[in-house]
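Below: one structure, written as structure tokens.
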Amino acid sequence: CSFGCKLTILKLYEYTQTSLKQIGLDEVNLRRETKISECNGQSSAQGYAETLVMLRESSDILGLPEIEIEMDTLNSFGDEGAYVSEVTLELTIPAKDILYCSALIGNREGEQQTMESGEWVVVNRSPTGLVKLPTASLRVREDMWKHETPLTPERAKALIDNYEPVVFRPFYKHAQSNSTYGVLPSLKQTLVKRVLKRIFS
């Protein structure tokens with residue numbers, strides 16, 4: 001990023017912070033939806049959602065209060081709940097970590113919408129990209145999943161012991177059609193996706 005680009009980002013951040021202080025906003029409750037994106041039967045999201053499901057359920061079984069994950073430097077969150085996905089990350093975020101939001105960014109005439117309604121861009125201040133989040137902040141729609149094998153305390157401990165958040169994204173490289181630690185979309189979830197694919201293809 002050039003010096004001019006960095007200066008523009010800094011000005012944007014300062015403008016956002018000034019605006020949030022004017023309305024007395026110290027923190028904001030936001031959510032980030034994560035869904036499986038499939039292409040020809042393979043998970044193009046590399047099992048991102050499946051890993052989150054297994055982390056949440058393993059942590060519940062073992063009584064772990066926190067989950068460590070790797071997150072991008074900038075993350076897009078929402079405040080409207082317009083999208084409903086298999087996995088939701090719900091966080092209370094300090095206003096000082098907000099880079100900008102849709103309420104403060106206008107659209108240019110004749111151009112596409114600059115941001116989605118209710119969108120907030122959050123700064124991850126961790127120098128390693130790793131963050132510890134409350135286990136309860138990770139919400140899973142249980143009706144969207146089924147287990148290949150029961151998740152016992154022994155399996156849960158093995159999953160947590162072998163989990164390395166620094167390689168979070170490629171933790172699952174394929175759809176869960178082979179023997180893995182993973183979870184599978186439920187029959188209901190699979191049928192809904194097939195119907196939607198036919199409608200919009």
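Between N124 and G129 the shortest heavy-atom distance is ND2-O, 3.5 Å. Of all heavy-atom pairs between S126 and V131, the closest is CB-CG1, 4.1 Å. Heavy atoms only, all atoms of each residue included: G118 and S102 are closest at N-OG, 3.0 Å.
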Verdict with supporting geometry, V122 and M71, side-chain contact (heavy atoms from CB on, under 4.5 Å) = CA-CA 11 Å; V122 178; M71 296 181 73; over 6 Å; no
inquiry  = Before you tell me yes or no, could you show the steps for L104 and W120 under side-chain contact (heavy atoms from CB on, under 4.5 Å), namely the whole-Å CA-CA distance, both residues' side-chain angles and the distance that decides it to 0.1 Å?
reply    = CA-CA 10 Å; L104 300 175; W120 298 67; over 6 Å; no
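For the residue pair E90/S137, the side-chain donor-acceptor check at 3.5 Å is not satisfied.
For the pair R155/I61, no side-chain contact is recorded, criterion being any heavy-atom separation below 4.5 Å from C-beta on. Using a 4.5 Å heavy-atom cutoff, the side chains of T16 and C101 are not in contact. Inter-residue side-chain proximity for D72 and N75 is flagged as met; some heavy-atom pair is nearer than 4.5 Å. Within the 4.5 Å cutoff, no side-chain heavy atoms of L52 are placed close to those of R56. Residues L91 and L30 are not in side-chain contact: their nearest non-hydrogen atoms beyond the backbone lie 4.5 Å or more apart. Within the 4.5 Å cutoff, the side chain of I93 has heavy atoms near those of the I98 side chain. Put simply, the side chain of V28 does not reach to within 4.5 Å of the side chain of L20, judged on heavy atoms. Using a 4.5 Å heavy-atom threshold, the side chains of K96 and Y13 count as touching.
The CD1 atom of I67 sits 11.5 Å away from atom OG1 of T51, with the distance rounded to the nearest 0.5 Å. Distance check: M54 CE to S59 OG gives 10.5 Å after rounding to the nearest 0.5 Å. Rounded to the nearest 0.5 Å, atoms CG (L159) and CD (E57) are 10.5 Å apart. In this structure, OG in S76 is found 11.0 Å from CG in L99, a value given to the nearest 0.5 Å.
A donor-acceptor pair is defined here as one N or O able to donate and one able to accept, closer than 3.5 Å; such a pair exists between the side chain of T135 and the backbone of P65. Proximity of a side-chain donor or acceptor of E119 to a complementary backbone N or O of Y100 within less than 3.5 Å is not detected. Proximity of a side-chain donor or acceptor of T88 to a complementary backbone N or O of R139 within less than 3.5 Å is not detected. Side chain of T92 to main chain of N29: no donor-acceptor pair is present (N/O by atom type, distance under 3.5 Å, no hydrogens or angles). In this structure, E68 contributes its side chain and E164 its backbone to no donor-acceptor pair below 3.5 Å.
One hydrophobic cluster holds both L55 and L64 under the rule that ILVMFWY side chains link at heavy-atom gaps under 4.5 Å. I23 and Y15 fall into different hydrophobic clusters, where Ile, Leu, Val, Met, Phe, Trp and Tyr residues are linked whenever their side-chain heavy atoms come under 4.5 Å apart, directly or through other members.
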